[in-house]
Amino acid sequence: MKNSNEATSFGVIGLGRFGTALAISLAEAGKEVIVVDRSESKVKEVRQYTEYAFVSDDLDMETLREIGIQNCDVVIVCIGEKIDISILTTMRVVELGVPKVIAKAISVEQGAVLKKIGAEVVYPERDMALRLGKRLVSRNFLDYVSLDNSVEIRQIRVSDKIKGYSIEELGIRPKYNLNIIAIESGKITNIEVLPGYRLQADDIMVVIGKVSNIDRFEESL
């Protein structure tokens with residue numbers, strides 16, 4: 001598998017629901033994917049998507065090297081539930097020199113350890129719960145991307161209260177210290193949002209700013 005400046009080759013270690021869905025998604029996007037799991041049935045399930053599918057009970061350094069994990073641009077360790085194996089495997093992948101290592105965590109403590117050994121950390125269950133929670137408490141919330149603990153990019157549907165207002169009249173920057181980085185109208189996404197643009201029903205605003213400010217703006221809708 002070849003490396004390039006853009007990530008084209010991926011390793012997925014652990015084929016639970018998260019790992020399997022991730023591996024299939026990457027393969028369907030045309031990426032080269034190595035998958036590894038101890039379960040033969042799980043590996044067999046993804047063999048229709050990638051020829052680099054391996055069954056292994058042992059994830060020691062030698063096994064990972066033989067599989068070719070070190071040749072991947074990005075490796076995602078999806079063994080969140082077995083904390084000791086997750087940490088050891090992540091440490092070995094980092095030591096193999098993989099440019100980008102991402103590890104799934106199920107607790108803040110596990111995530112802290114994974115970060116210290118050089119991995120980026122994702123919390124799939126927590127992130128899904130946050131998305132669901134935001135949808136339940138806001139009629140206008142659609143989706144978001146967390147940039148850190150205090151900054152987000154969030155999609156917000158235009159409500160009846162603000163439709164017809166221009167971006168300038170809305171005053172989202174001076175009032176809430178937020179920036180509108182795009183307007184999605186039907187199938188068209190406009191990233192050059194002019195002050196005179198008037199918001200229409202069913203428009204979707206893509207805003208960036210502090211979470212507290214976005215929440216305050218949504219409450220005003």
Side-chain angles (χ1 to χ4, degrees), residues 5-8 10 17-18 21-22 24-26 28-31 73-74 76 78 80 99-112 114-115 119-221:
N5 292 330
E6 293 184 1
T8 59
F10 295 80
R17 285 178 295 179
F18 176 69
L22 178 61
I24 292 173
S25 176
L26 290 168
E28 288 183 336
K31 307 301 182 181
D73 300 321
V74 181
I76 308 96
C78 309
K100 185 172 184 176
V101 181
I102 301 170
K104 171 187 171 183
I106 58 173
S107 70
V108 173
E109 294 78 10
Q110 180 185 6
L114 291 167
K115 283 182 181 178
E120 295 181 25
V121 179
V122 293
Y123 300 87
E125 289 84 1
R126 184 197 66 177
D127 291 347
M128 184 60 70
L130 287 172
R131 278 184 164 82
L132 176 59
K134 287 177 183 289
R135 284 196 177 100
L136 291 173
V137 301
S138 173
R139 292 178 302 171
N140 301 303
F141 170 82
L142 295 173
D143 206 351
Y144 79 108
V145 175
S146 178
L147 301 180
D148 61 27
N149 291 331
S150 62
V151 178
E152 284 183 3
I153 298 173
R154 193 183 300 183
Q155 291 180 317
I156 301 172
R157 191 182 300 280
V158 169
S159 67
D160 289 338
K161 186 175 180 180
I162 62 172
K163 71 179 181 181
Y165 280 80
S166 70
I167 299 299
E168 187 174 18
E169 291 168 346
L170 188 63
I172 187 172
R173 180 159 180 76
K175 290 180 184 177
Y176 302 98
N177 201 26
L178 300 174
N179 287 312
I180 298 177
I181 59 175
I183 297 285
E184 298 175 11
S185 184
K187 295 182 179 180
I188 299 173
T189 299
N190 178 18
I191 60 172
E192 296 179 352
V193 184
L194 300 176
Y197 177 82
R198 293 198 174 273
L199 297 168
Q200 304 172 40
D202 296 325
D203 274 358
I204 296 169
M205 295 180 290
V206 184
V207 303
I208 183 171
K210 290 186 177 180
V211 174
S212 57
N213 291 338
I214 301 177
D215 288 343
R216 191 160 55 89
F217 173 59
E218 276 202 285
E219 287 172 6
S220 74
L221 301 179

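Please read all numbers here as calculations on a predicted model, not as lab measurements.
Proximity of F217 to I156: side-chain heavy atoms (C-beta onward) are separated by under 4.5 Å at one or more points. Looking only at side-chain heavy atoms (C-beta outward), F10 and I76 come within less than 4.5 Å of each other.
The distance from atom OG of S212 to atom CD of E152, rounded to the nearest 0.5 Å, is 10.0 Å. In this structure, CG on L26 lies 8.5 Å from NZ on K31, to the nearest 0.5 angstrom. Atom NZ in K104 sits 9.0 Å away from atom CD in Q110 (nearest 0.5 Å). Atom CZ in R154 sits 5.0 Å away from atom CD1 in I214 (nearest 0.5 Å). Rounding to the nearest 0.5 angstrom, the gap separating the CG atom in L170 from the NZ atom in K163 is 15.0 Å. The line from CZ of R157 to CG of L221 is 12.5 Å long, rounded to the nearest 0.5 Å.
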Checklist entry - Given V211 and V151, is the side-chain contact (heavy atoms from CB on, under 4.5 Å) satisfied, shown in steps? => result CA-CA 5 Å; V211 174; V151 178; over 6 Å; no

Checklist entry - Could you go step by step and tell me if K115 and E120 meet the salt bridge (charged side-chain N to carboxylate O under 4.0 Å, His left out) rule? => result CA-CA 6 Å; K115 283 182 181 178; E120 295 181 25; over 6 Å; no

Could you list the donor-acceptor pairs under 3.5 angstrom formed by side chains in residues 194-205, with sequence neighbours left out?
| from | atom 1 | to | atom 2 | distance (Å) |
| --- | --- | --- | --- | --- |
| Y197 | OH | Q200 | NE2 | 3.4 |
| Y197 | OH | D203 | OD2 | 2.6 |
| R198 | NH1 | G164 | O | 2.8 |
| R198 | NH1 | E169 | OE1 | 2.9 |
| R198 | NH2 | E169 | OE2 | 3.3 |
| D203 | OD1 | S185 | OG | 3.1 |
| D203 | OD2 | Q200 | N | 3.0 |

Which side-chain N or O atoms in residues 174-181 pair as donor and acceptor under 3.5 Å with protein atoms at least two apart or in another chain?
| from | atom 1 | to | atom 2 | distance (Å) |
| --- | --- | --- | --- | --- |
| Y176 | OH | S220 | OG | 3.3 |
| N179 | OD1 | R173 | NH1 | 3.1 |

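Between the D73 side chain and the T8 main chain, a donor and an acceptor come within less than 3.5 Å of each other.
Here the shortest heavy-atom pairing between A103 and A119 reads CB-CB, 4.2 Å.
For CD of E28, the number of neighbouring non-hydrogen atoms (other residues, nucleotides, ligands) closer than 6.0 Å is greater than 12.
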